[in-house]
2 protein chains.
Amino acid sequence: MARAATTSDVFNAIAEPQRRDILALLRAGDRPVTELAQELGLTQPGASKHLRVLREVGLVRDRKAGKQRVYGLDARGLRPVHEWTGGFERFWNESFDRLDSYVRELEQTRQEE
Amino acid sequence: MARAATTSDVFNAIAEPQRRDILALLRAGDRPVTELAQELGLTQPGASKHLRVLREVGLVRDRKAGKQRVYGLDARGLRPVHEWTGGFERFWNESFDRLDSYVRELEQTRQEE
DNA sequence: GCAACATATACCCATATCGGTATGCGTCAA
DNA sequence: TTGACGCATACCGATATGGGTATATGTTGC
């Protein structure tokens, strides 16, 4: 089974640092493959492969421009990730306190759910 | 090389659906391993392994409670993810418009799809 | 058509990953 | 101490991944 397919899963797509770099770079504007590869120090095939993953999960869109293929950001797919993490927002401020209180609760009453 | 180690990388840690489930479940309160495994339909070793990954990136903390080991959420590590995706917030509202304008700028025509 | 260029894909390799089963280790109760 | 329980880890197998090189596909210009 190995890991779930990166395809069709935004969380997996952005798990790769270089793909995050690509997305970040595309915020500044659309770019053809070779340019992306150069700016990020990737080989052309390397860039193409990462772009394919991003394309398949819908985070980038491509269109032909003569010999080139220009990639542009389509960040809508990142929204679910932002919202998912946002669901933990109130926890990352006082994780410790919360943990302690829960621990104490558990100590005396083994309540599950 | 394969993928970058999941260890010490929160993005990778949450790329796995079951690990996200674990985190979500822990929002409701701390839990021992077996309980987590049961509620999520995982084998005990399976749960332990996912918990290990989460522990190594600091998303959960564990403490001994007799025979049991109770895991609790430490969501602080999710904040960077939330912020990173937040950096794209203004794009996912009008991705298309933005894309379109770029398209028009780059070459006066040509939008696929 | 042909050459040059841009990109995608095919392969191959080394490795990491998830899942399962078996097992080791620590803890508690009797 | 012994046995049951809770959990971690070792090990194995199947597969996916990232990276590199070679090559196929497609486009442009001559």
Side-chain angles (χ1 to χ4, degrees), chain A residues 1-23 26 30-57 60-72 103 106-107 110 112, chain B residues 1-23 26 30-57 60-72 106-107 109-110 112:
Chain A
M1 275 186 172
R3 173 169 297 182
T6 123
T7 289
S8 79
D9 183 328
V10 176
F11 281 90
N12 258 305
I14 64 171
E16 160 63 47
Q18 299 189 306
R19 286 198 286 265
R20 289 200 296 278
D21 291 343
I22 291 176
L23 294 176
L26 287 180
D30 300 18
R31 279 182 177 67
V33 178
T34 302
E35 206 173 305
L36 274 168
Q38 275 192 329
E39 305 197 48
L40 296 178
L42 304 175
T43 61
Q44 175 268 309
S48 278
K49 279 185 282 191
H50 282 310
L51 285 166
R52 178 178 188 172
V53 174
L54 293 172
R55 194 195 327 139
E56 285 177 346
V57 301
V60 299
R61 325 189 110 244
D62 67 300
R63 69 197 124 61
K64 280 168 281 180
K67 292 194 287 190
Q68 300 185 312
R69 187 161 281 265
V70 178
Y71 280 83
V103 167
L106 274 171
E107 303 275 72
R110 179 61 86 355
E112 70 250 65
Chain B
M1 276 187 175
R3 172 169 299 181
T6 124
T7 289
S8 79
D9 184 327
V10 175
F11 281 90
N12 258 306
I14 64 171
E16 159 65 47
Q18 299 189 306
R19 285 197 287 264
R20 289 201 296 278
D21 291 343
I22 291 176
L23 294 177
L26 288 179
D30 300 19
R31 278 181 177 67
V33 178
T34 301
E35 206 172 303
L36 274 168
Q38 274 192 332
E39 304 197 48
L40 296 177
L42 306 174
T43 61
Q44 175 268 308
S48 278
K49 279 185 281 189
H50 282 311
L51 285 167
R52 177 178 190 175
V53 174
L54 293 172
R55 193 192 330 136
E56 286 178 345
V57 301
V60 299
R61 328 188 105 245
D62 67 302
R63 49 184 305 296
K64 278 169 284 181
K67 291 195 287 190
Q68 300 186 312
R69 186 161 282 264
V70 179
Y71 280 84
L106 282 172
E107 72 268 320
T109 329
R110 190 36 105 297
E112 45 88 67

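Letters A, B, ... are given to chains in the order of the sequence lines, protein chains preceding strands, and every chain is numbered from 1. It should be emphasised that the depicted structure is a prediction, and the values quoted were computed from it without experimental measurement. What you see below is based on every heavy atom in this structure, not just the backbone, and it leaves out hydrogens, waters and symmetry mates.
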[X] near the nucleic acid: base, sugar-phosphate alone, or nothing, with a heavy-atom cut-off under 4.0 Å?
| X | result |
| --- | --- |
| B/G46 | nothing |
| B/Q44 | base |
| A/P32 | sugar-phosphate |

Measure the shortest side-chain to side-chain distance between [X] and [Y] over non-hydrogen atoms and say whether it is less than 4.5 angstrom.
| X | Y | answer |
| --- | --- | --- |
| A/L36 | A/L51 | yes |
| A/D30 | A/R63 | yes |
| A/R31 | A/E39 | yes |

May I have the distance from [X] (atom [atom1]) to [N] (atom [atom2]), rounded to whole angstrom?
| X | N | atom1 | atom2 | value |
| --- | --- | --- | --- | --- |
| B/E56 | D/dT9 | CD | C1' | 12 Å |
| A/L54 | D/dG18 | CG | P | 10 Å |
| B/D62 | D/dA8 | CG | C1' | 11 Å |
| B/D9 | D/dT17 | CG | C1' | 14 Å |
| B/L40 | C/dC18 | CG | P | 15 Å |
| B/R31 | D/dG6 | CZ | P | 16 Å |
| B/H50 | D/dT9 | NE2 | C1' | 15 Å |
| B/L42 | C/dT17 | CG | C1' | 16 Å |

Are A/Q38 and A/T34 linked by a side-chain donor-acceptor pair shorter than 3.5 Å?
-> no

Classify the side chain of B/K49 versus the base of C/dG19 as yes if they form a donor-acceptor pair under 3.5 Å and no if they do not.
-> yes

Measure from the side-chain heavy atoms of [X] and tell me the nearest of [options].
| X | options | answer |
| --- | --- | --- |
| B/T34 | D/dC7, C/dA8, C/dC18 | D/dC7 |
| B/Q68 | D/dT21, D/dG6, D/dA8 | D/dG6 |
| A/K67 | D/dT28, C/dA8, D/dA8 | D/dT28 |

Might you point out which heavy atoms bring B/A13 and B/V57 nearest each other, and give the distance in Å?
-> CB-CG2, 3.8 Å

Return the 5'-most residue of the pair B/V33, A/T43 with respect to DNA chain D, ranking by each residue's nearest nucleotide.
-> B/V33

I want to check one thing: is the phosphate of [N], taken as OP1 and OP2, less than 4.0 Å away from some side-chain N or O of [X]?
| X | N | answer |
| --- | --- | --- |
| A/R52 | C/dT9 | yes |
| A/R19 | D/dG18 | yes |
| B/Y71 | D/dG6 | no |

